[in-house]
Amino acid sequence: MAKRAIKGLPKSLADVQTVVVDADLLIIGGGNAGCFSAVEAKKLDPNCKVVIMEKAEIKRSGACSAGMDAINTYIPEGKTPEDLVRWSRSQVGGGPIREDLSLSNAEELNEAVDDLERWGLPILRDENGKIKYRGQWDISIHGEQLKPIMAEKALENSDEVHNRVTATNLLMKDGRCAGALGFGVRDGKFYVFRAKATIVATGGACGLYKSYTADSTSSHHQTWMCPYNVGTGYAMGIRQGAEMTSMEQRWVATRSKDFCGPIDTISVGYKSAVINAKGERVLQKHYAHLGGDKSPRYIRANAPMEEWLAGRGPTYCDTRHLTADKVKELKIDYLNERPSFVLFLAARGQDITKDPIEIYGSDPYIIGGHTQSGFWVDMGRMTTVPGLFAAGETAGGNPNKFVGGCAAEGKLATRGALKYIAENRVELPEIDQAQLKIEIERVFAPLLRGGDFDGVSAVEMEERLQRLMDEYAGGTSQFYRTNEERLDYALRHIKMLRDQVRFLKAGDLHELMLCHDVIDRIDVAEVLCHHLKGRKETRWQGWQTRSDYPETDPAYDCFVETRKNLKTGEIECFTRPYEQIISGDRRAPSLPDKN
């Protein structure tokens, strides 16, 4: 069937219109961290020209786009930022984590959440006006409008917001980042953003792995976060030789089976224990030595899959103790974050007071707001590429940031960026026309080949990548296990996929965006495989399980790093030492009582 002709679609490179946008501060990604970055920039310097480059529409983009029912970290009375770092460290089995980054984030956390309440976010309080906690650090909110609230403040504090512009590469000048390049998904224009400093605040990378659930939507995969976060921020930095840290610490979560809905609301908020097919409380029976129901996050996430592997599946979140009133409250909570989950239960005719909710593990996701995958950054959140800063999901080394922590990262990265501009007296660069020509040709090549070109569609290449990663790099079908030989196989075939990029074809601008989505995923997947190879031990079961190295090795009590060698194009893997700066037992969530 012939494709409908699109008015204004470029038919040659000569048809591509170039738009140049200048900024003091360029923010790539208008999600949580990006919005807070914009607000902080204008607060510090009202004359700073702030420009946001957003792939979607800022009012409903990013990981918070659908809303949230809780903010996972808010320091209560009687606790300190150091206590939060101890808890975060314990949730990854004692680390290693960047405790310096984690502490600086914790010191900003409550103020960022307080900003949200001041802007209009309803935070639930008791009859005495005290914030209601649903766990040790989690607070309950009515967050269906969370992202529009953030976006409104970002729009007020930005000079320009360019929606529907997807980033494709960094603009480089003399070894430093001088902005970014991209194209309009709706207008087909090529955008050149020149900036004195750039903050990459894009989302994590989902869709690298095949999901066990085919949801038959245009997102091409089932995920519990924004399905259009494909790792572009990581990929752009990787291509310019930025150092990446802890990518092997993937995020695998326990989700409702066949729907991939969030489970913490049920298990934590409504105290519904994980049980196996025999009715046994999984965490209490098999993981008591690790804390039982309070085991580290990776243990809790992996436990249902271990039950399946041991022949004790299916696994469930036991909701049979809930009253009718509690079920109603639970469903209202889901209307604030995942309203379609309520429809899912209704479609099945499921009474969760009689039939517990079946759970399963999600496909692995690279997400620096939950685990610590991302760029290696300094205290100002600058990456190893001068002029490029990271916030939110892209800033590595500091796990368990979640909503409030990613907001705080946006503020911290902005302070670092403005300090960098002032101290280095940065000016806007002259445009390198040769660099632009190469990028325009690369970006529009799939489109100019045409949809009828005898090549490969983005969806076909994406499906091949997802299956490759699932079967050889520790996906759901392999119960998250991998080994040296499988990873070598994955890397060989990723190299083949990269060679086949020259056969990608697009019939319209949306398909062109999908082509660049899969190109970015390939770059991130390659680096991820090198990280999984580099950590020759098993430190975080499920998140990072090596069947050929099943034990934890003290020699790897360090950070695994990678960097692309820009001369050879090869990925180099090395380590950095871990430094404990917060006192206490690394695996304990807090200091022991003085009494």
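Predicted model only: the values in this text are computed from it and were never measured.
No side-chain heavy atom of D553 sits less than 4.5 Å from a side-chain heavy atom of R546. Q350 is listed as a side-chain neighbour of I357, based on a closest heavy-atom distance under 4.5 Å. Side-chain atoms of K326 and H321, non-hydrogen and from C-beta on, never get closer than 4.5 Å to each other.
Within the cation-pi definition used here (under 6.0 Å to the ring centroid, within 45° of the axis), R297 does not qualify as a partner of W543.
Of the residues listed (E280, E306, R281), the one engaging H286 in a side-chain contact (heavy atoms from CB on, under 4.5 Å) is E280, and it is the only one. No option in Y360, Y316, Y480 other than Y360 meets the ring pair (Phe, Tyr, Trp, His ring centres under 6.0 Å) test with W308.
In this pair, F259 and F341 present their aromatic rings tilted. The plane angle is within the 30 to 60° band. The aromatic rings of Y489 and Y472 sit parallel to each other, their planes meeting at less than 30°, with 60° as the upper class boundary.
Between the side chains of T265 and D69, at least one donor N or O sits under 3.5 Å from an acceptor N or O.
Taking Y287 as the reference, nothing meets the ring-ring contact (aromatic ring centres under 6.0 Å, His included) condition, with sequence neighbours excluded. Scored by the salt bridge (charged side-chain N to carboxylate O under 4.0 Å, His left out) test, D470 finds no partners at all (sequence neighbours excluded).
Under the 4.0 Å criterion applied to side-chain N and carboxylate O atoms, E471 and R486 are not assigned as salt-bridge partners.
Counted within 6.0 Å of NZ on K210, heavy atoms from surrounding residues, nucleotides or ligands total 12 or fewer; the atom is thus considered open.
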